[in-house]
Amino acid sequence: MAKRDILEMQRRMKKDANSITWVVTCLIEPDGEIRRVHKQRLAGMREEEYFKYLAKIRQVFAGKQYGDGVMQVETDGSGIMTDTMESAIRSEMKDDDVIYDIIKAARTTIRTETRHAVIIWQDIYDIIVTDKNNETLDESEETLNYIGVMICPVGMDGEGLAYNSNTEDFEAKERKWLMGSPNFAVMWPSLAEHRPDADTVTMYFANPAAPDHEFAEEYLGCVKFQTRTEIQKKFEHVVMASLESQEDLEETLGRIHYKLGNLGQNDRLSAEDVGSVCRLAGIPDHIAAKIGKNYGREFPDLPPVEDLYVKKYANRYAAIVKAKEIKQTLNKAADAIDEMSGSGELTVDIRRVAAGL
């Protein structure tokens with residue numbers, strides 16, 4: 001999902017900008033029981049609840065999640081849940097049986113025996129046309145009419161003493177079940193490149209290292225996909241499996257990602273390209289060749305560089321490179337001072353600082 005589309009959806013989740021019609025909520029018990037389903041118009045909610053629901057939906061489109069936590073995946077049209085979501089759109093959310101079917105499908109994503117909440121919302125958005133400076137030009141003839149579904153864990157709030165203004169005394173507070181941040185959400189059809197796209201679903205993962213592939217493929221009809229985190233973890237394993245000593249892993253990863261950061265982020269590297277990058281990073285030829293070979297086997301569909309690149313590894317190695325440069329500069333300065341005035345306490349101190357880098 002393009003960052004522009006994510007930010008646009010996020011900006012719209014405000015009182016005077018959103019076009020959400022219905023919101024449905026229910027509680028899923030640990031045994032899978034679906035408690036009473038509540039359906040209400042967003043505009044008819046009390047103001048406190050209105051803003052809480054908007055804030056909850058806005059979490060799904062958080063800009064910081066761009067590139068991994070929120071992603072769009074192509075579908076093959078076989079999704080059970082997307083068919084049901086289409087029926088909900090056609091019925092304008094009036095068919096309660098269809099809504100119940102969406103809840104039952106969403107329930108299958110729950111993997112822990114704890115309480116969860118399901119929130120379903122419908123949004124009908126007349127897509128706004130903007131120029132390159134994001135200035136509004138006009139309303140488009142295209143409309144994005146989509147259904148969103150999110151799953152949130154529900155837990156009991158903490159124990160404590162609360163002040164009772166009626167008795168003017170502290171007493172054990174009444175504990176309540178509180179809805180946490182969403183751990184999964186799906187939106188269909190998608191907003192893709194500023195247009196409605198029924199051939200993709202937009203998914204949010206609180207933990208992109210372990211997305212629910214089984215649910216995505218069976219219920220949403222998604223083609224096989226990997227999150228950026230999954231790709232990065234697999235690439236790290238490729239490097240690790242290619243080394244003779246695991247003690248070299250941290251520095252090797254740093255060297256590779258330091259070089260990857262200088263490449264075009266949309267480039268797709270072949271096995272030979274990865275081997276060449278490793279050699280340029282100063283990795284021995286036989287290790288570089290092995291990394292390239294293992295990469296080719298694990299990534300038949302070449303991912304873009306931006307999906308392989310891990311900034312933290314590159315930054316760590318960049319700090320090492322910078323420290324070496326400073327050390328060389330200090331030693332050269334000490335040598336120059338020695339030539340001019342002979343060795344003394346000043347050059348000893350400079351060399352001591354350099355040695356500590």
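In this chain, residues are counted from 1 in sequence order.
Take Q40 and apply the side-chain hydrogen bond (donor to acceptor under 3.5 Å, both in side chains) test, not counting sequence neighbours, and it matches no residue.
Look at D123 and R12 and you find a salt bridge, because one of the NZ, NE, NH1 or NH2 atoms lies within 4.0 Å of a carboxylate O, short of that distance. Taking a cutoff of 4.0 Å between a charged side-chain nitrogen and a carboxylate oxygen, R255 and E251 qualify as a salt bridge. Under a 4.0 Å N-O distance rule, the pair R90/D95 does not qualify as a salt bridge. Under 4.0 Å is where a charged nitrogen must lie from a carboxylate oxygen, and between R11 and E8 no such pair does.
Through side-chain heavy atoms spaced under 4.5 Å, either directly or across other Ile, Leu, Val, Met, Phe, Trp or Tyr residues, Y258 is tied to Y317, I320, V321.
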Extract all donor-acceptor atom pairs below 3.5 Å that involve side chains of residues 271-280 and protein atoms in other chains or at least two apart in sequence.
| residue | atom | partner | partner atom | Å |
| --- | --- | --- | --- | --- |
| E272 | OE1 | S270 | OG | 3.3 |
| D273 | OD2 | S270 | N | 3.0 |
| D273 | OD2 | S270 | OG | 3.1 |
| S276 | OG | E272 | O | 3.1 |
| R279 | NH1 | G275 | O | 3.3 |

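The hydrophobic clustering, which links ILVMFWY residues whose side-chain heavy atoms are closer than 4.5 Å, places M93 and Y100 together.
Using a 4.5 Å heavy-atom threshold, the side chains of F235 and Y295 count as touching.
By the 6.0 Å contact criterion, NZ on K233 is open, its count of non-hydrogen atoms from other residues, nucleotides or ligands being 12 or less. Atom CD of E48 sits in a crowded spot, with more than 12 heavy atoms from other residues, nucleotides or ligands closer than 6.0 Å.
Relative to the six-membered ring of F299, K234 meets both conditions, a distance below 6.0 Å and an angle of at most 45° to the axis.
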